[in-house]
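A, B, ... follow the sequence lines: proteins, then strands. Residue 1 opens every chain. Only heavy atoms go into these numbers, but all of them, side chains included; no hydrogens, no water, no symmetry mates. Everything numeric here is computed off the predicted structure, so don't read it as measured data.
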Amino acid sequence: MYQAPRGTADLLPDVQPYWSFVRSQAESVARSFGYGRIDTPIFEDTGLFLRTVGEETDIVQKEMYSFKDRGDQNLTLRPEGTAPVCRAYLEQGMRNLAQPVRLFYTCPMFRYDRPQAGRYRQFHQFGVEAIGDGDAAVDVEVIQLAMTMLGSLGLSDLTLVLNSIGDATDRPAYLNALRDYFSPHLDKLGADDRRRFDTNPLRLLDSKDPAVQPLLENAPRSVDHLGGPAQEHWEQLKAYLNDVGVHYEEDHRLVRGLDYYTRTVFEIHPKVEGAQSAICAGGRYDGLIEQLGGPSTPGIGFAAGIERMILNLQRQNIEPPPDRPAPVVVAYRGDSAKSRGLQLAAVLRSEGLTVILAPERSLKAQMRYASSVGASQVLILGEAELAKDVVTLRDMAAGEQHEVPIADAGRHIVGT
RNA sequence: GUGGGCGUGGUCAAGUGGUUAAGACGCCAGGUUGUGGCCCUGGAGAUCGAGGGUUCAAACCCCUCCGCCCACCCCA
C-alpha cells in the first residue's frame, strides 16, 4: 500500500470548513487593507532561496526540497513566500505601479523537517508583502492586518512580540558587541551555540539552553545598537502602534531565522505555552530587493501558518461555518420515477439548490441515506406522485410532508 | 539530524507464544409489502505497518526498515 509521503496530509471534506473559513477570512481582511492576490510558481530557481534566505540558515542547509529537472536546472520547491514575491516584483516591473505594492498569497510551502504538532513538510501559509515604502506606518499596517485577520477568526489570547534588529549597516557593530559579551563565557556554550557564536551570533539570543539563559539577561540589545534612521523608525513604529491601540510586548531576544530581515521583526503567538507556538511571523526586509539585483527598495510582510491557525481554532473550540448547504435528496420508487427524479434533480440544481439523487435502494434505505447525509428535505417520487404530476416534499427535521406540483418543487424548498 | 512513545478491519479498541483474532462505532441488508433519526437481527470488511529471524507453533520474542504522535533543533 502506498502512503502519503511523510509530513503531508490528505484533507478530507470534514476538515475543509476550517480551511475555507481561514482562507476566506484572511483573504477578505487582506482585501480590506487594499491587498491584491498574487500566485507565484510552486518551484523556483534554487539560487533565489540560497541568496535571500541565507546560505547559513537551517532552511537552506537542510530543509529544501531541491532537484534538477530534465534540462539540468536547479529548482527548489518553495520553502517560503517572500523571496518569490520579491522576484516577481522585480521581474514583472511592479516598481512602475503605485508604491507600496500590496500583495497577499495563500499557498503550499515545502520544508524537509521532522513533522510534529503544527509542523509539516508540505504546509500552507497565508502571507502579505508591502513593497516599496519604508515608512513605519506601513509596518503598522502589516501588523494590524495580521492582528485583524487572526481576530476575525475568533482567536483570542494572542501576544504580539516585537523587536528591531537594525539595518545592515548597524549589524556589524552589534554582532561585535554580542561576541564581546559572549566570548568570556564560551566554555558555558553548547556545541550548537558555539557554532552560532561563529556563524550567526544573533541566534544566540534565542538559545533554549538552560545554561545560557542567565547570560541572556544582560546580553547587549539590538535596539541599543540601532543607527539613527533605524532608531527613528523603531520609535515611530511604537508610537503608531500605541496610536492605533495595538498592544505589543518588546522582546529583545526576538531574532528571525531568515537572513533578509532588517529593522522590524515580529511574531504572534497564543498565550498558552507550547512548541511551535508562533502562528504568524514577519518583518521588514529593506535589503532584499537590492540583493536580488534590483534597486534599493524597502519591503515588509508576514506569513501565517494555516495549519497552525486551524490547530488553535480547534484548541479554542471555535467551529467554522459549514462550507456547503444541507442537500435536498430526491428519493424514488420505480424506474420511471427514477428517471423523472434524475430530471427533477437537474432542474433544481439549475435553480441553485444542492441536490443528491438517492442511491437505488428500498425507499426505507433511501430515507436512511438522506438522513445520514444531513438532508434537510427529501423529495419523494413514486407511482402515485407521477400519476398526479406532483412530488412529496418531506421536511426531515419536522417529520412532516405534503405534495407539491413537480413543476414548482423548487419554490417550496426552504432553508438550505 | 537527536531523544521518547506507538503501529491489530474505515475509526476506536481487546488480545503478551498454541484451535475459526473479541467488542464498539461506521458501512450494507432486513424487521411484510411507499418513508429516516431510537431499537432489534443479519452481513461484508484484518495478508495483526513491511521484510527477515527464533520456535513444532508468533499479532504476541529478536533484528532491520517504514510510518504516526510528542519533544529538541528549526520554523509558519
Side-chain angles (χ1 to χ4, degrees), chain A residues 1-10 12 14 22 26 53 56-63 78-82 106-127 146 150 190-193 195-196 200 203 206-210 255-258 266-270 273-282 301-312 329 331-334 337 358-359 361-386 392-401:
Chain A
M1 277 285 282
Y2 287 108
Q3 298 174 305
R6 184 166 205 191
T8 67
D10 295 316
L12 271 38
D14 62 325
V22 170
V53 172
E56 295 302 320
T57 61
D58 277 23
I59 290 181
V60 166
Q61 293 269 307
K62 49 188 198 188
E63 295 178 4
R78 160 180 68 202
E80 65 99 34
T82 300
T106 22
C107 52
M109 305 290 172
F110 304 85
R111 289 182 203 170
Y112 188 85
D113 237 353
R114 187 106 171 236
Q116 72 188 70
R119 199 174 74 187
Y120 307 91
R121 288 184 173 180
Q122 177 180 343
F123 62 102
H124 300 75
Q125 287 185 335
F126 164 77
L150 296 169
D192 282 348
D193 287 334
R195 190 174 45 77
R196 288 174 174 147
N200 191 355
R203 299 215 57 89
D206 63 2
S207 170
K208 307 297 188 301
D209 188 341
V255 293
R256 308 277 309 135
L258 289 77
F266 66 95
E267 287 183 357
I268 299 170
H269 26 118
E273 288 303 314
Q276 286 78 49
S277 57
I279 57 183
C280 176
F302 71 78
I306 295 183
E307 286 85 352
R308 289 184 186 184
M309 290 190 274
I310 291 173
L311 185 65
N312 281 280
V329 166
Y332 49 85
R333 224 178 91 86
R361 298 175 188 164
S362 68
L363 188 61
K364 179 191 191 115
Q366 291 184 40
M367 295 304 290
R368 221 191 314 251
Y369 173 81
S371 199
S372 73
V373 297
S376 56
Q377 283 143 111
V378 177
L379 291 166
I380 304 166
L381 274 171
E383 296 85 346
E385 285 84 358
L386 286 186
T392 296
L393 171 59
R394 179 176 181 81
D395 182 299
M396 295 299 273
E400 290 164 357
Q401 62 189 46

Please test M396(A) against V378(A) for side chain to side chain contact (heavy atoms under 4.5 Å, CB included), starting from the C-alpha separation and ending with a verdict.
CA-CA 7 Å; M396(A) 295 299 273; V378(A) 177; 3.5 Å; yes
Between I380(A) and M367(A), is a side chain to side chain contact (heavy atoms under 4.5 Å, CB included) present by the stated rule, with each step listed?
CA-CA 9 Å; I380(A) 304 166; M367(A) 295 304 290; 4.2 Å; yes
Step by step, work out the side chain to side chain contact (heavy atoms under 4.5 Å, CB included) result for E63(A) and R121(A).
CA-CA 9 Å; E63(A) 295 178 4; R121(A) 288 184 173 180; over 6 Å; no
Side chain to side chain contact (heavy atoms under 4.5 Å, CB included) assessment of F123(A) paired with R111(A):
CA-CA 8 Å; F123(A) 62 102; R111(A) 289 182 203 170; 3.7 Å; yes
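By the 4.5 Å heavy-atom criterion applied to side chains, P79(A) and M109(A) are not counted as neighbours. Side-chain atoms of Q377(A) and L393(A), non-hydrogen and from C-beta on, do get closer than 4.5 Å to each other.
For L12(A) and G26(B), the CG to C1' distance is 14 Å, given to the nearest whole Å. M309(A) places its CE atom 19 Å from the P atom of C75(B), with the value rounded to the nearest Å. Between the CZ atom of R121(A) and the P atom of C75(B) there is a distance of 17 Å, rounded to whole Å. Rounding to whole angstrom units, CZ of residue R111(A) and P of G1(B) are separated by 18 Å. In this structure, L311(A) atom CG and C75(B) atom C1' are separated by 15 Å, rounded to whole Å. The distance from atom CG of D113(A) to atom P of G67(B) is 15 Å, rounded to the nearest whole Å. With rounding to whole Å, K62(A) atom NZ is found 11 Å from C72(B) atom C1'. Protein atom CZ of F126(A) is 22 Å distant from nucleotide atom P of C75(B), rounded to whole Å.
The C1' atoms of G49(B) and G9(B) are separated by 14 Å, rounded to the nearest whole Å. Distance noted for atom C1' between G7(B) and A14(B): 16 Å (whole Å). Taking the C1' atom of each, C40(B) and C62(B) are spaced 49 Å apart, rounded to whole Å. Comparing U35(B) with C69(B), their C1' atoms sit 45 Å apart, to the nearest whole Å. One P atom belongs to C68(B), the other to C63(B), and the distance between them is 22 Å to the nearest Å. Comparing U19(B) with A57(B), their C1' atoms sit 12 Å apart, to the nearest whole Å. Atom C1' of G43(B) sits at a distance of 22 Å from the matching atom of C48(B), rounded to the whole Å. G23(B) and A46(B): their P atoms are spaced 15 Å apart (whole Å).
Taken to the nearest 0.5 Å, the OH atom of Y332(A) stands 13.0 Å off from the CD atom of E383(A). Here CG of L150(A) is found 4.5 Å from CD1 of I279(A). Values are rounded to the nearest 0.5 Å. Distance CZ/F126(A) to SG/C280(A): 9.0 Å, rounded to 0.5 Å. Distance check, rounded to the nearest 0.5 Å: SG of C107(A) to CD of Q125(A) gives 7.5 Å. Taken to the nearest 0.5 Å, the CD atom of E80(A) stands 9.5 Å off from the OG1 atom of T57(A).
Of all nucleotides listed (C70(B), A76(B), G30(B)), G30(B) comes nearest to the side chain of S362(A). Comparing G34(B), C28(B), A76(B) by their nearest atom to the side chain of E383(A) picks out G34(B). For A303(A), taking side-chain heavy atoms from C-beta onward, the closest of the listed nucleotides A71(B), C68(B), A76(B) is A76(B).
Toward the 5′ end of RNA chain B lies the nearest nucleotide of A384(A), the other residue of the pair E267(A) and A384(A) mapping further downstream. Take the nearest nucleotide of RNA chain B for L381(A) and for G7(A): the residue whose nucleotide is more 5' is L381(A).
Pairs of Watson-Crick or G-U wobble type, with distances under 3.5 Å, assemble into runs of 3 or more in RNA chain B at these ranges: B:1-7 with B:66-72, B:10-12 with B:23-25, B:27-31 with B:39-43, B:49-53 with B:61-65.
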Where do N or O atoms of nucleotides 2-6 of chain B meet protein N or O atoms at under 3.5 Å, pair by pair?
| unit_1 | atom_1 | unit_2 | atom_2 | d |
| --- | --- | --- | --- | --- |
| U2(B) | O4 | R114(A) | NH1 | 2.6 |
| G3(B) | O6 | R114(A) | NH2 | 3.3 |

Per-nucleotide protein contact along nucleotides 35-44 of chain B, 5' to 3', at a 4.0 Å heavy-atom cut-off (B base, S sugar-phosphate only, - neither), is BBB-------
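In summary, the side chains of T392(A) and E385(A) do present a donor paired with an acceptor at a separation below 3.5 Å, with no hydrogens or angles considered.
For A71(B), one of the phosphate oxygens OP1 or OP2 lies less than 4.0 angstrom from a side-chain nitrogen or oxygen of Q116(A).
Looking at every heavy atom in both residues, F302(A) comes nearest to A146(A) through CE2-CB, 3.5 Å.
Note on Y112(A): nothing from the nucleic acid sits closer than 4.0 angstrom, heavy atoms only.
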